[in-house]
*Asks:* 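Take this structure first; my questions come after.
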Amino acid sequence: MHILSVFLPLLSFLIAFFLSRKISDEIVDYTTCTMMAFSTILSLYCFFLINEYNPERIIKVSEWLNSGSLYIDWSLNFNRLTALMVFLVNFVSTIVHVYSVGYMNNDDRRPIFMAYLGLFTFFMLMLVTSSNLIQLFLGWEGVGLTSYLLIGYYSYKESANKAAIKAFIVNRVGDFGFLIGIFAIFIVFGTINLKEIFLLVDTQENTYFNFLGYNFHTLTLITMLLFIGAMGKSAQFGFHTWLPDAMEGPTPVSALIHAATMVTAGVFLMVLMSPLLEKTEFTRNFIIVIGSLSALFAATVAITQDDIKKIIAYSTCSQLGYMFIAIGVSAYNIAIFHLFTHAFFKALLFLGAGSVIHAMSDEQNIKKMGGLYKKIPVTYILMLVGTLSLTGFPFFSAYYSKDLIMELVFLDDSYLSNFVFINSVIVVFLTSFYSFRLLFYVFHGNNRSDEKVFSHVHESPNIMLLPLVVLSFFSVFSGLAFKKYFFGIDSIVFWGDSLINISLNVPESMIYQIPFYIKKLPLFNIILGMMFSAILILYLKKLKDFFKEKLKYIVLFLRKSWFFDELYDFLFVKPSKYIGNGFWKAIDIELIDNVGPNGMARIVKKMGSIVSSLQTGFLYHYAFMVIIGLTIFISIYFYLF
Amino acid sequence: MLILIPILGIIFVLMSVEEENSIAAKRSALWTSIINFLLSLYIPINFDQTIPHFQFVNSFSWFNNENLKFSLGVDGISLPFIVLSTFLIPLCIFFMWDNKKDKIKLYLSSFLLIESFLIGAFSAIDLFSFYIFFESILIPMYMIIGIWGGERRIYSAYKFFLYTFLGSVLMLVAIIFLYQEFGTTEIPKILNFNLPFYIQIWLWLAFFSSFAVKIPMWPFHTWLPDAHVEAPTEGSVILAAVLLKLGGYGFIRFNLSILPDASIFFTPFIYFLSTVAVIYTSFIALVQTDIKKLIAYSSVAHMGFVTIGIFSANIQGIHGAILQMVSHGLISAALFFSIGSIYNRYHTKNIAFFSGLKTIMPKLAFFFLIFSLGSIGFPGTSGFVAEFLTLLAVFSKSTIIAFFAALGIILAAAYMLNLYKKIFLGEINNQVLKANSDLKINEILIFSSLVFLIILLGIKPNLLLNFSTSSIERIITLYPISIF
């Protein structure tokens, strides 16, 4: 049962990939979607199998590696946390599978696309169900690979290929940190099985570890290294550059991988590592800083972007920042809560954007749209639901998850958290601003596209709209319905040992003591942001131009997303080519070859010519040589003895 | 029983030379090598994994001298390489099935000759026999590069020969010295002697000079890219997949087992060279314009992991090194075969020539992607387990070395994926359109068998590692413990 819920997607991949020539595309669609649906149902069942008396179930599939004291098994670990993730991944994946059947309808390589989606789901499930770090790493790199394949799906496009490679390599930099972290864990704890590590955490609370010649606090070092991995995967500040480019992939991919599931893997990893994180304040503070920076950075960039998908991508980056802030204040359950609600509304937004793009004959620039709400009302309503959820409008899902994060930050009494709170309130304003800006540009105002495209605008087929309706249902209600499982007294029992629960340190009642104006600050900001964007875009266009003119350089700075790409190109990409050429031409060819083999050959040749020139054939030359030689020899002999 | 295998090979070589037409020659060579492979499977099946010492020992005297024996045997360290050699030779012969070559009989018999020598070198448990086999391999390899190579084949062949030969001369001196000292050249006996430190140093350097060129380590690597670029496909495969492994094998068998004190002394030196090799050659690989040269440089980087693993001198390190050698044997063979497939169709190895090849050869693109993933150490392939183990092992000794060597995995991803992108992805250009055939059945068979093994060793590495565990445990008792 448990095994099936994880391995069905793999089977789906194998069938779609290898049998796509033998069977028709429609059959591939049906089989993959059915298998995913089955997988979802099974994972839901697995989730309900877990209760207070059976908090976890570990299924050993087979042995993997056994070398010295290193034991690694292939195994599946189901507890409340992982089972929830399995369900979430399977669910969103099923939705995206069904949607893709409609969206990719005209693509003749659709079976391959479905296959990759299945493979991705499988790796993601391996990641979340792993009971040791190496299998987790397999899933971790595996989702990176499938992300690479799917971003580069339109492989004739140079930009898509570049984006794919960029995503893979930036992720690899993060993985590098993750891998070093795993080594450190093995050296320190002597095991890489999660359960055994958690049992041994207390023994390492005050130890130090020598890394690169410096002594670091062991747990701080380990968690920092793992966080580097998490930053890579979750596109946090500094590692975010791949995510906007990843939008080159087909839109369903953006929804599944670059919004709902894969990018949240970093958050999941950090939550999983909560027993270690709890022992190191430095790392948690670092996570808060990075999370806030990402939230702010991505939101500021999002307000200047024109590509509908890039706006949502930056928004993802920003929301992930919130999740990391939650982790930083030890609110692991709330981080998962936001991850959970975010998966629904972000997938909804992306798939809705896909529906818009579909309607607009593959146009992605929001400035070339406008006035679409009459033509595609259903999509409009769905997008509106997604937007309200994202901004955290009351009674929509993120209202519960995101506001909780901010309230907990407010309650946290460290010096740092004041800044973070102010920062996150500003980000709420920006979020609302860019989200409504998107809506207004796309659906309101006058049409700015050419007539031909506009006359083609049509509502998407039902197979695309139905998944959206399901998602919007969850976007609205998942916050309200599940709040009690993530926060408060009930949640302590519910989560058990699967994560460290904040509710132990912050009683629920404290939340109610927060002043009214603080509690309503986010809502105020949402409305402010909405009004602001409405004024700028719909009513007072002159004001907008005025701002644009006055803030020219800031706008450019934001549009270019703080010049990160240019900076990295200058710092890493160009030098590496330069270094490579230098090593190759200057050292390999000039130095080693010239001095080494070719040099030897030259010396031998020269020696030969010297020796042969000595052999003149004249007797007196030889006689002269003999006499000279004898003289030197005898004088040395007498000198020495 | 074991001794029969190489001899059997040689006999069949002679038989195949007698054949007149080329197909028959190929067929007999193929059957010979397949039979050889099947016979070699006898060893792992009957191998006792719990015995650390040599098994299946056969010896007879040599020069009528009681102390100079010709003896062969297998232990957990040599076993993987013997099977690797016998496995790859039939693939090479099968790969050239449809290709026309001059002097085909000589070509085929060179390969069978190499096979015999390789098995001899890997199974020799006597220094003299080892040396003789080790050196003899140069002759057929020299011929393969020099006769069937590319334009600059003579230069490359000379460079290859002189480089490797120069190293081995010093090894011969060391062997003679050992014989003078102990009156025997049998490895099992020498293992029991303790040498004073200053002698170990000199012997170590002598062996090192030979194996460092062979494996090759930085800065003795410059013969390798040249040799690869000029060698024919099958020659490159054998060169990269098996010949380089002689170096790593030699390091484990001689430097590490016989000269422990010197090995400890020189470990930082080896670490330094290997880490430089990993980073340096990866950077060079980034800017290569020739597919084969790129893969050749990446081989040097991969071998850097091997030497790091070996001199970590703990069980994970040597496990990792052996697995890395076998895995690189499979992956580099696969990559060179793929390049061969491309070359046979387009007669160029220039990266800039290609674009969008995926449209014409989707099957090759699929296989090439998997091989690239193996090469960059993607989890689930044998390359990952190997690199993970070696880096883990060295991390316990020196975090700095592990840190810098691990940078290699980022660079590897960069150059391999860039290569894949430049050749297979992008818009198809007119030059690529000229040829129009995807893989043939023999190529598909070869590639699938390699993919199968790469993934099998990736998810079940202990199928291989268990053979060598007890032999490694015997070696590492000579060294201070770093991790268990």
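Each chain gets a letter, A, B and so on, in the order the sequences are listed, and its residues count up from 1. Computed from a prediction, not measured in an experiment: that's the story for all the values here.
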*Asks:* Name the region of A:Ala160, side chain, backbone, both or neither, that has any atom closer than 4.5 Å to a heavy atom of chain B.
*Replies:* neither
*Asks:* Which atom pair, heavy atoms only, marks the closest approach of A:Glu141 to B:Pro379?
*Replies:* OE1-CD, 3.3 Å
*Asks:* Measuring heavy-atom distances to chain A, does B:Lys159 have an atom under 4.5 Å in its side chain, in its backbone, in both, or in neither?
*Replies:* side chain
*Asks:* Does atom NZ of B:Lys421 have more than 12 heavy-atom neighbours from other groups under 6.0 Å away?
*Replies:*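 Atom NZ in B:Lys421 is crowded, with more than 12 foreign heavy atoms closer than 6.0 Å.
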*Asks:* Write down the atom of B:Leu389, the atom of A:Leu65, and the distance for their closest heavy-atom approach.
*Replies:* CD2-CD2, 4.0 Å
*Asks:* Could you name the residues of residues 147-157 of chain A that have a heavy atom within less than 4.5 Å of a heavy atom in chain B?
*Replies:*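 A:Tyr148, A:Leu149, A:Ser155, A:Tyr156 fall under the 4.5 Å cut-off.
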*Asks:* With a sphere of 6.0 Å drawn around CD of A:Glu158, does it hold more than 12 non-hydrogen atoms of other residues, nucleotides or ligands?
*Replies:* yes
*Asks:* Between B:Tyr158 and chain A, which part of the residue has a heavy atom less than 4.5 Å away: side chain, backbone, both or neither?
*Replies:* neither
*Asks:* At their closest point, which heavy atom of A:Phe176 faces which heavy atom of B:Phe403, and how far apart are they?
*Replies:* CE1-O, 3.4 Å
*Asks:* What part of B:Lys293 gets closer than 4.5 Å to chain A, counting heavy atoms only: side chain, backbone, both or neither?
*Replies:* side chain
*Asks:* Report the option among B:Thr281, B:Val385, B:Leu391, B:Thr469 that has the most heavy-atom pairs separated by less than 4.5 Å from atoms of chain A.
*Replies:* B:Leu391
*Asks:* Could you tell me the separation between the OH atom of B:Tyr420 and the CG atom of A:Asn161, rounded to the nearest 0.5 Å?
*Replies:* 9.5 Å
*Asks:* Chain B heavy atoms under 4.5 Å from A:Phe168: which part of the residue, side chain, backbone, both or neither?
*Replies:* side chain
*Asks:* Please verify the inter-ring angle class for B:Phe366 with A:Phe18; under 30° counts as parallel, over 60° as perpendicular, anything in between as tilted.
*Replies:* perpendicular
*Asks:* Quick one: CG on A:Leu145 to CG on B:Leu417, what's the gap to the nearest 0.5 Å?
*Replies:*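 The CG atom of B:Leu417 is 9.0 Å from CG of A:Leu145, to the nearest 0.5 Å.
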*Asks:* Which bit of A:Leu179 is near chain B, if near means a heavy-atom gap under 4.5 Å: side chain, backbone, both or neither?
*Replies:*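 Contact with chain B: side chain only.
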*Asks:* For the pair A:Phe123 and B:Phe378, name the ring-plane relationship: parallel under 30°, tilted 30 to 60°, perpendicular over 60°.
*Replies:* perpendicular
*Asks:* Just checking A:Tyr568: does its OH atom have more than 12 heavy atoms from other residues, nucleotides or ligands closer to it than 6.0 angstrom?
*Replies:* yes
*Asks:* What's the separation between atom CD1 in B:Ile410 and atom CG in A:Asn171, rounded to the nearest 0.5 Å?
*Replies:*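 Spacing of CD1 (B:Ile410) from CG (A:Asn171) equals 11.0 Å.
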*Asks:* Between A:Trp140 and chain B, with a heavy-atom cut-off of 4.5 Å, which part of the residue counts as in contact: side chain, backbone, both or neither?
*Replies:* neither
*Asks:* Pick one of side chain, backbone, both or neither for B:Leu407, based on which atoms fall under 4.5 Å of a heavy atom in chain A.
*Replies:*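 Its backbone and side chain both get close to chain A.
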*Asks:* Output the distance between atom CD1 (B:Ile459) and atom CD (A:Glu63), rounded to the nearest 0.5 Å.
*Replies:* 13.5 Å
*Asks:* Taking all non-hydrogen atoms of both residues into account, name the closest pair between B:Gly380 and A:Leu138 and its distance.
*Replies:* N-CD1, 3.6 Å
*Asks:* Using non-hydrogen atoms only, which part of B:Asp226 is less than 4.5 Å away from chain A: side chain, backbone, both, or neither?
*Replies:* side chain
*Asks:* Find out whether B:Pro461 and A:Trp64 are in side-chain contact, i.e. whether some heavy atom of one side chain is under 4.5 Å from a heavy atom of the other.
*Replies:* yes
*Asks:* Which pair of non-hydrogen atoms, one from A:Arg172 and one from B:Ile376, has the smallest distance, and what is that distance?
*Replies:*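 Closest approach of A:Arg172 to B:Ile376: NH1-O, 2.9 Å.
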*Asks:* If the condition is salt bridge (Lys or Arg N to Asp or Glu O under 4.0 Å), which residues does A:Asp565 pass it with, not counting sequence neighbours?
*Replies:* A:Lys166
*Asks:* Pick whichever of A:Gly190, A:Ser576, A:Gly139 has the most heavy-atom pairs under 4.5 Å with chain B.
*Replies:* A:Ser576
*Asks:* What part of B:Leu465 gets closer than 4.5 Å to chain A, counting heavy atoms only: side chain, backbone, both or neither?
*Replies:*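 Side chain only.
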*Asks:* If you count heavy-atom pairs under 4.5 Å between each of B:Leu411, B:Ile409, B:Ile472, B:Ile401 and chain A, which one has the most?
*Replies:* B:Ile409
*Asks:* Using heavy-atom distances under 4.5 Å, tell me whether B:Leu373 contacts chain A through its side chain, its backbone, both, or neither.
*Replies:*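 Just its side chain gets close to chain A.
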*Asks:* If I measure from the heavy atoms of chain A, does B:Leu286 come under 4.5 Å with its side chain, its backbone, both, or neither?
*Replies:*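 B:Leu286 touches chain A through side-chain heavy atoms alone.
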*Asks:* Taking the side chain as C-beta and beyond, is there a heavy-atom pair between A:Ile134 and B:Phe384 under 4.5 Å?
*Replies:*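 They are in contact (side-chain heavy atoms under 4.5 Å apart), so the answer is yes.
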*Asks:* Pick whichever of B:Thr359, B:Ile400, B:Leu369 has the most heavy-atom pairs under 4.5 Å with chain A.
*Replies:*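 The option with the most such pairs is B:Ile400.
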*Asks:* Using a cut-off of under 4.5 Å for heavy-atom pairs, which of A:Asn210, A:Ile182, A:Ile165, A:Asp175 has the most such pairs with chain B?
*Replies:*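 Going by pairs under 4.5 Å, I would pick A:Ile165.
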*Asks:* Mark yes when over 12 heavy atoms from residues, nucleotides or ligands other than A:Tyr71 sit less than 6.0 Å from its OH; otherwise mark no.
*Replies:* no
*Asks:* Taking the side chain as every heavy atom from C-beta outward, state whether B:Gln316 and A:Leu70 have any atom pair closer than 4.5 Å.
*Replies:*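 They are in contact (side-chain heavy atoms under 4.5 Å apart), so the answer is yes.
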*Asks:* Of the backbone (N, CA, C, O) and the side chain (C-beta and beyond), which part of A:Phe17 lies under 4.5 Å from a heavy atom of chain B, both, or neither?
*Replies:* side chain
